[in-house]
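Remarks on the structure that follows.
Here the structure is a predicted model, which means the values were calculated and not measured. We count ligands from 1, going down the list as the structure has it; atoms in each ligand are counted the same way.
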Amino acid sequence: MNIVFLGPPGAGKGTHAQRLMKELGIPQISTGDMFRRAIREQTPTGLDAKRYIDKGELVPDEVVVAMVKERLAEPDCQHGYILDGFPRTVAQAEALDQIAHIDVALNIDTPDDIIIDRLSGRRVCAECGGTYHTSLLKEDKCPACGGAVYQRDDDKPETVTNRLAVYQEKTAPLIDYYQKKGILSTADCRGTIEENYRAVKAALEAKKQ
Ligand code: AP5
């Protein structure tokens with residue numbers, strides 16, 4: 001099954017995609033994670049992307065599309081995948097339609113006030129990439145692997161505000177785009193992580209039938 005996770009920054013796309021990936025045995029492809037890795041490794045793509053990410057802007061479509069195209073050609077994607085954070089513009093969605101068949105676009109619906117709380121409290125494990133909210137962490141260590149956790153640079157309040165504005169302008173139109181294709185399913189994700197994961201699974205099941 002080829003799945004697109006749609007939703008504003010901090011909606012929980014990464015949190016649910018990591019869990020679903022293990023359950024379904026298909027890879028999670030997070031363009032945000034790919035860029036953060038490229039930045040750490042100081043590749044030309046990473047250095048270029050950093051200029052946009054630090055301001056909460058989108059990386060240009062042609063850069064993201066080329067990166068995703070290459071990734072989807074890898075053998076582990078041949079039996080399905082979860083696209084987390086891609087597409088983010090109508091141009092990206094149209095490019096994706098040229099290279100893949102998407103079965104479900106899952107919209108992780110979350111209001112802005114909840115998002116701001118989640119992003120300001122988000123911590124990421126430097127070792128395994130797991131994401132946690134500070135309210136659920138007992139110490140500054142990853143509960144899964146013991147690695148050190150850190151706050152993402154783009155989770156600063158002024159950058160978050162711009163990311164939300166960019167989402168409304170550039171990414172929210174994709175809800176309509178996938179609705180018109182008949183493959184949109186929406187999960188109401190204003191509850192706990194567990195409740196939201198159940199909503200995500202139910203929204204996926206609804207589209208399978
Ligand atoms: P990316 O990494 O994709 O960021 P994003 O879409 O803004 O999404 P996030 O990772 O911030 O949020 P999420 O929905 O995954 O939430 P999470 O599960 O972590 O992209 C970063 C940047 O890269 C972009 O701004 C852009 O510049 C660039 N980029 C990436 N893709 C691009 C593309 N296609 N085109 C152009 N540019 C691109 O959850 C958030 C927090 O909330 C966590 O702490 C989690 O533990 C917590 N949480 C989740 N659910 C709950 C809950 N129910 N209760 C309490 N806490 C919760």
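Taking all heavy atoms of P9, G12, A91 into account, the minimum distance to atom 16 (O) of ligand 1 is reached by G12. Comparing R163, K170, R88 by heavy-atom distance to atom 20 (O) of ligand 1, the nearest is R88. The nearest non-hydrogen atom to atom 46 (O) of ligand 1, considering only R123, R122, H133, comes from H133.
Less than 4.0 angstrom separates some heavy atom of T31 from each of these atoms of ligand 1: 30 (C), 31 (N), 32 (C), 34 (N). Below 4.0 Å from some heavy atom of I193 lie the following atoms of ligand 1, by number and element: 50 (N), 51 (C), 52 (C), 53 (N), 54 (N), 57 (C).
Looking at ligand 1, you won't find any N or O of P87 less than 3.5 Å from one of its N or O atoms. In terms of polar-atom proximity, Q92 is counted as a contact of ligand 1, with an N or O under 3.5 Å from an N or O of the ligand. Considering backbone and side-chain atoms alike, Y132 places an N or O below 3.5 Å from some N or O of ligand 1.
Both I99 and M34 belong to a common hydrophobic cluster when Ile, Leu, Val, Met, Phe, Trp and Tyr are linked at side-chain heavy-atom distances under 4.5 angstrom.
Remark: D140 CG is loosely packed, at most 12 non-hydrogen atoms of other residues, nucleotides or ligands lying under 6.0 Å away.
Scanning the protein for heavy atoms near atom 22 (C) of ligand 1, the closest one is I53 CG1, 4.0 Å. Atom 42 (O) of ligand 1 has R118 CB, 3.2 Å as its closest protein atom, hydrogens excluded (heavy atom only). The protein non-hydrogen atom at the shortest distance from atom 27 (O) of ligand 1 is E57 O, 2.5 Å. Closest to atom 37 (N) of ligand 1 among all protein heavy atoms lies V59 N, 3.0 Å. Closest protein heavy atom to atom 8 (O) of ligand 1: K13 NZ, 3.3 Å. Counting only heavy atoms of the protein, atom 18 (O) of ligand 1 lies nearest to T15 OG1, 2.5 Å.
Heavy-atom distances between A11 and ligand 1 reach below 4.0 Å in at least one pair. Taking 4.0 Å as the cut-off, E195 does not count as a neighbour of ligand 1 on heavy-atom distance. Proximity of C189 to ligand 1 is not established, as no heavy-atom distance is less than 4.0 Å. The closest approach between a heavy atom of G10 and any atom of ligand 1 is below 4.0 Å. Residue contacts with ligand 1 do not include R190, since none of its heavy atoms lies under 4.0 Å from the ligand.
The side-chain heavy atoms of R51 and D48, taken from C-beta on, include a pair separated by under 4.5 Å.
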